[in-house]
Q: 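To start, I am sharing the structure in question, which I have written as structure tokens.
Just so you know, these numbers come straight off a predicted model, no measurement behind them.
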Amino acid sequence: MALWTLHGDGSLAPGEVVKPNERLGWGKTVGLGMQHVVAMFGATFLVPLLTGFPPATTLFFSAIGTITFLLVTGNRLPSYLGSSFAFIAPIAAAKASDGGSMGTALFGVLVAGVLLALVGLLVHFVGAGWIEKLMPSVVVGTIVMLIGFNLAPAAWNNVAQAKWTAVITIAAILLVTVLFRGLIGRLSILIGVIIGYIAALIQGQIDFGPVGDAAWIGLPHFQGPHVDWSILGLFLPVVLVLIAENVGHVKSVALMTGGDMNPLMGRALFADGLSTIFAGFGGGSGTTTYAENIGVMAATKIYSTAVYWVAAFFALALSLIPKFGALINTIPVGVLGGAGTVLYGMIGLLGARIWVENHVNFSSPVNLLTAAVALVAGIANYSFTIGTASFEGIAIGAIGAIVIYHLMHVIAKWRGTDHDEPASPTSASGKYEEDEYAVYDDGPEPEHGGLQH
């Protein structure tokens, strides 16, 4: 494992860059590590709050996942692994199919992790060229878009229960985004949630009873998966999004640091797969590399992996304070609905951003019909049952996008009926990363709000 060397005299002069194998003085490193926890905080906690997972458990596995990622990548690739938004819809559907139980959803998370880890091994040994061919930009953009917009009804269900609180939360997020630059602008979701929380508190919508009952020190709530093969169709599309998020992260870091990170791509995918497996076994949400933290690195020019070790251990410490987790759980549905309205919409539009930045040509009938059919199936939440396996909107739309694109492309090429250029491949270009959900960063100048996943 690479060791850190002190950058200069331990401080950062204007125009300098701290590389992954360097560090500043430990005082600055600790402060920056805590800043990275703040950056990922809002998005990472929204996933368990929206899906019903325990926030402290999710934070625990987020920290464990980050440590795993740093170890597997040989301490050469800076990243924080937070909750992936791509899991929200399949987790909700899996819970509904099992009477609200978390076990079935955790099994889906676990299997998604196994598949991602296997993809990582394949990429490590044979390269990532097959990813480019399997998922051209029109397909990736479509899958990201339908995942975001498929969640629109879930946002409304929360908004409807406390409309004014939701409106205040949305307004706060929008205003913070346009009023502030730098870190504050990138934390607009977190700040908007805090403002919405205060509004809910004034209206008497918050019960602090569970916070008073919770202990100061203790382990988070762990639970195991319940095997149910029928829900796998819900989680298969998530793997495609996680691949895109991780590939985009590696490319973004390479672009910002000027280093060759391609040899680490397979390791990154494998590490995120392992992290998601751990979460599925213990009760946490699936993880992904975080665009929020890419934004912090881009702003500070500090890419030291030492900072991420600090962030991981700081997050781990917070997860062992039950009162902290109970406080997070008091966030009311109106605030979640407001934040979800912004998040889900941005996830959907990030799909369009992928199309635009990769110059997808919609004068091509192949591209146009691939997106058209898949989007309607995903957003309307089409559902089919084959034997004991159930497939809903996201799975049908994602699988449909891949099958329709390649089938139409082959036939059109054979018949000579499509003379327009097909969508340019993603080429693992780093033009997206995922919010998060995510996940999708276009490089060293991320959008304010930090919701590229």
Q: Would a distance-only check, ignoring hydrogens and angles, find a side-chain to backbone donor-acceptor pair under 3.5 Å from Thr29 to Leu24?
A: yes

Q: Checking side chain to side chain donor-acceptor pair (under 3.5 Å) for the pair Ser84/Thr288: CA distance, chi angles, key distance, verdict?
A: CA-CA 5 Å; Ser84 171; Thr288 188; 4.9 Å; no

Q: Could you check if a side-chain atom of Arg76 sits within less than 4.5 angstrom of a side-chain atom of Pro20, using non-hydrogen atoms only?
A: no

Q: Determine, step by step, whether Tyr344 and Ile88 satisfy the side-chain contact (heavy atoms from CB on, under 4.5 Å) criterion, reporting the C-alpha distance in whole Å, the side-chain angles of both residues, the deciding distance to 0.1 Å, and the verdict.
A: CA-CA 10 Å; Tyr344 303 157; Ile88 295 176; 4.0 Å; yes

Q: Parallel, tilted or perpendicular: which describes the rings of His36 and Tyr308, with under 30° parallel and over 60° perpendicular?
A: tilted

Q: Using modelled atom types only, decide if a donor and an acceptor are shared between the side chain of Asp272 and the backbone of Ala268 within a distance under 3.5 Å.
A: no

Q: Taking side chain to side chain contact (heavy atoms under 4.5 Å, CB included) as the test, write out the residues that go with Ala166, two or more places apart.
A: Val159

Q: Phe235 and Phe107: aromatic ring centres closer than 6.0 Å?
A: no

Q: For the residue pair Met102 and Lys95, establish whether any side-chain heavy-atom pair is separated by less than 4.5 Å.
A: yes

Q: For residues 207-223, which residue pairs qualify under side chain to side chain donor-acceptor pair (under 3.5 Å), counting only residues two or more places apart or in two chains?
A: none

Q: Who are the side-chain hydrogen bond (donor to acceptor under 3.5 Å, both in side chains) partners of Gln161, not counting sequence neighbours?
A: none

Q: What do you reckon, is CZ of Phe281 surrounded by more than 12 foreign heavy atoms closer than 6.0 Å?
A: no

